[in-house]
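Below: the structure, in structure tokens.
What you are looking at is a predicted structure, and each value in this text was computed from that prediction instead of being measured. In this chain, numbering begins with 1 at the start of the sequence shown.
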Amino acid sequence: MSIVDPRTGEPLTADTSAPQEAQSQPAQAEAGEAPKVIIDVDASNIQQVLELSMQVPVLLDCWAPWCGPCKNLMPVLEKLAREYQGAFLLAKLNIDENQEIAAQLGVRSVPDVKLVSQGGLVDHFQGALPEKEIREWLGRYFPAPEDAPASPEDQAAEALAAGDAATARAIYQELSQQYPDHTPYQVELARTLVAEGRGEEARSVLDNLPPEERDAAPARGVRASIEFGEEAPSAEELAALGKRDDSEAQYLRALRRVADGDYEPGLEGLLALMKADRAYGDDAARKTLLRVFDALGADHPLTVSYRRKLFAMLY
């Protein structure tokens, strides 16, 4: 990668003959202080940063003061730079104040994050990616730090698994505000609302998605979960079934299990009903199985397993 110094017009390139002291200067710290892993870049030190990339990879964050997504992304990058403890140097370039350098770097929109190593461009990404995706991107080039904290998405998943839907909802509310254009966060927010029994609020979140996302599989799955909760019999209605074991009673019990998130027994009940009485409710068992698959997602282990069982029964 070649950058032209706007002061002299001369190309800036990594100089492998530079003394070691000069190469490592940006990351130096006073005795007893932690090494600096975050610096600001401008015309006065861009060459030094390129030289430093011969020793340690540099993550160059090209940003602008007027860029909202940049303001969301920068704290995440700073947190990760500290977490990785010097595996890479985070260098922040204000493109408004360094237009010539930004032009030489080929920056067309911000945020634009470039990984520079050995004086050359290795990879880059544009836009304010969520933290989980940035971690995955960094994972291509750096081993994850020991004792790395869980990503917000993983924290939300753990909370949901533990039955703490309120904590998961709070996480996705914050992520949705931080990344308003990342619609998967809004879908997951709706999912947590369903888990809290707040189906109408969840439906409102889904209704406000862009049309192409509103009708996509993830949103359809959450809508199916809302509908299961509305269609399933109440505890009183379930108790009133008593010992009935006809097709309607089997269907209602399976639907209640699905609505409660007890998916495997619910799927088993639907599959058994389909085998015993395919005609019930105009093939209601099979249709509901497909809706459950939508709700769980195509990659969920139960979806994979029961889709196979359904296929075997049909063919």
Could you tell me which non-hydrogen atom of [X] sits nearest to which non-hydrogen atom of [Y], and how far apart they are?
| X | Y | answer |
| --- | --- | --- |
| R253 | G242 | NH2-O, 2.9 Å |
| A64 | N94 | CA-OD1, 4.4 Å |
| G127 | L73 | O-CD2, 4.0 Å |
| A168 | T192 | CB-CG2, 3.7 Å |
| G119 | S53 | N-OG, 2.8 Å |
| V76 | N72 | CG2-O, 3.7 Å |

Is it true that a side-chain atom of [X] and a backbone atom of [Y] form a donor plus acceptor pair closer than 3.5 Å?
| X | Y | result |
| --- | --- | --- |
| N45 | D42 | yes |
| R214 | L209 | yes |
| N208 | S204 | yes |
| D246 | A249 | yes |
| S305 | L302 | no |
| T303 | G297 | yes |
| E131 | S151 | no |
| E213 | T183 | no |
| Q155 | A150 | yes |

I'd like to know whether D262 forms a salt bridge (Lys or Arg N to Asp or Glu O under 4.0 Å) with R256, so could you lay out the CA-CA distance, the side-chain angles of the two residues, the decisive distance to 0.1 Å, and finally the verdict. CA-CA 9 Å; D262 200 5; R256 183 68 262 171; over 6 Å; no
Check this for me: [X], atom [atom1], are more than 12 non-hydrogen atoms of other residues, nucleotides or ligands nearer than 6.0 Å?
| X | atom1 | result |
| --- | --- | --- |
| R308 | CZ | no |
| K132 | NZ | yes |
| E133 | CD | yes |

May I have the step-by-step check of side chain to side chain contact (heavy atoms under 4.5 Å, CB included) for E268 and R257, ending in yes or no? CA-CA 10 Å; E268 279 293 340; R257 290 189 177 103; over 6 Å; no
Taking only residues two or more places apart in sequence, or in another chain, which ones meet [X] in a side chain to side chain donor-acceptor pair (under 3.5 Å)?
| X | answer |
| --- | --- |
| D299 | none |
| T167 | D164 |
| R223 | D207 |

Using side-chain heavy atoms (C-beta onward) and a distance below 4.5 Å, is [X] in contact with [Y]?
| X | Y | answer |
| --- | --- | --- |
| Q104 | E100 | no |
| D294 | L290 | no |
| C67 | P111 | yes |
| L252 | L241 | yes |
| V41 | K92 | no |
| V37 | Q85 | no |
| H300 | F293 | no |
| L121 | L115 | no |

Mind running side chain to side chain contact (heavy atoms under 4.5 Å, CB included) on D260 and F228 for me, showing each step along the way? CA-CA 9 Å; D260 290 341; F228 292 143; over 6 Å; no
Do [X] and [Y] land in one hydrophobic cluster if side-chain heavy atoms of ILVMFWY residues count as linked below 4.5 Å?
| X | Y | answer |
| --- | --- | --- |
| L175 | V187 | no |
| L273 | M313 | yes |
| I101 | I39 | yes |
| Y172 | V222 | no |
| L270 | L296 | yes |

Kindly state each residue pair satisfying ring pair (Phe, Tyr, Trp, His ring centres under 6.0 Å) with at least one member in residues 112-146, sequence neighbours excluded.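 Checked against ring pair (Phe, Tyr, Trp, His ring centres under 6.0 Å) - neighbours excluded - the pairs reaching residues 112-146 are F88-F142, F125-W137, W137-Y141.
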Under 3.5 Å, side-chain donor or acceptor atoms of residues 231-240 against the rest of the protein: list the pairs with distances, not counting sequence neighbours.
{"residue": "E231", "atom": "OE1", "partner": "R291", "partner atom": "NH1", "Å": "3.4"}
{"residue": "E231", "atom": "OE1", "partner": "R291", "partner atom": "NH2", "Å": "3.4"}
{"residue": "E231", "atom": "OE2", "partner": "R291", "partner atom": "NH2", "Å": "3.0"}
{"residue": "S234", "atom": "OG", "partner": "E236", "partner atom": "OE1", "Å": "3.3"}
{"residue": "S234", "atom": "OG", "partner": "E237", "partner atom": "N", "Å": "3.2"}
{"residue": "S234", "atom": "OG", "partner": "E237", "partner atom": "OE1", "Å": "3.4"}
{"residue": "E237", "atom": "OE1", "partner": "S234", "partner atom": "N", "Å": "2.8"}

Mind running salt bridge (Lys or Arg N to Asp or Glu O under 4.0 Å) on K243 and D245 for me, showing each step along the way? CA-CA 6 Å; K243 295 183 179 180; D245 196 33; over 6 Å; no
Option passing side-chain contact (heavy atoms from CB on, under 4.5 Å) with V113 (candidates D123, L77, I134, L60):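 Single pass found, and it is L77.
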Under the salt bridge (Lys or Arg N to Asp or Glu O under 4.0 Å) criterion, do E136 and R140 qualify, and how do the steps go? CA-CA 7 Å; E136 291 170 353; R140 304 176 195 169; over 6 Å; no
Apart from M74 itself, what residues make up its hydrophobic cluster, given side-chain heavy atom links below 4.5 Å?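 Other cluster members: W63.
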Under a plain distance cut-off of 3.5 Å, with no hydrogens placed, do Y185 and E153 share a side-chain donor-acceptor pair?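 A pair is found: one side chain offers a donor N or O, the other an acceptor, under 3.5 Å apart.
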Measuring from [X]:[atom1] to [Y]:[atom2], what's the distance to the nearest 0.5 Å?
| X | Y | atom1 | atom2 | answer |
| --- | --- | --- | --- | --- |
| I226 | E201 | CD1 | CD | 10.5 Å |
| E78 | L90 | CD | CG | 6.5 Å |
| Q55 | L89 | CD | CG | 12.5 Å |
| E188 | H182 | CD | NE2 | 9.0 Å |
| D61 | C70 | CG | SG | 7.0 Å |
| L206 | R220 | CG | CZ | 12.0 Å |

Take E83 and K79 through the test salt bridge (Lys or Arg N to Asp or Glu O under 4.0 Å) and record every step on the way to the result. CA-CA 6 Å; E83 186 180 307; K79 180 178 94 169; 5.4 Å; no
Would a line drawn from the ring center of Y251 to the ring center of Y280 be shorter than 6.0 Å?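 Yes; Y280 has its ring centre under 6.0 Å from that of Y251.
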Taking the basic N atoms (NZ, or NE/NH1/NH2) and the acidic carboxylate oxygens, is any pair closer than 4.0 Å for E230 and R203?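 Judged by the 4.0 Å cut-off on N to carboxylate O distance, E230 and R203 do form a salt bridge.
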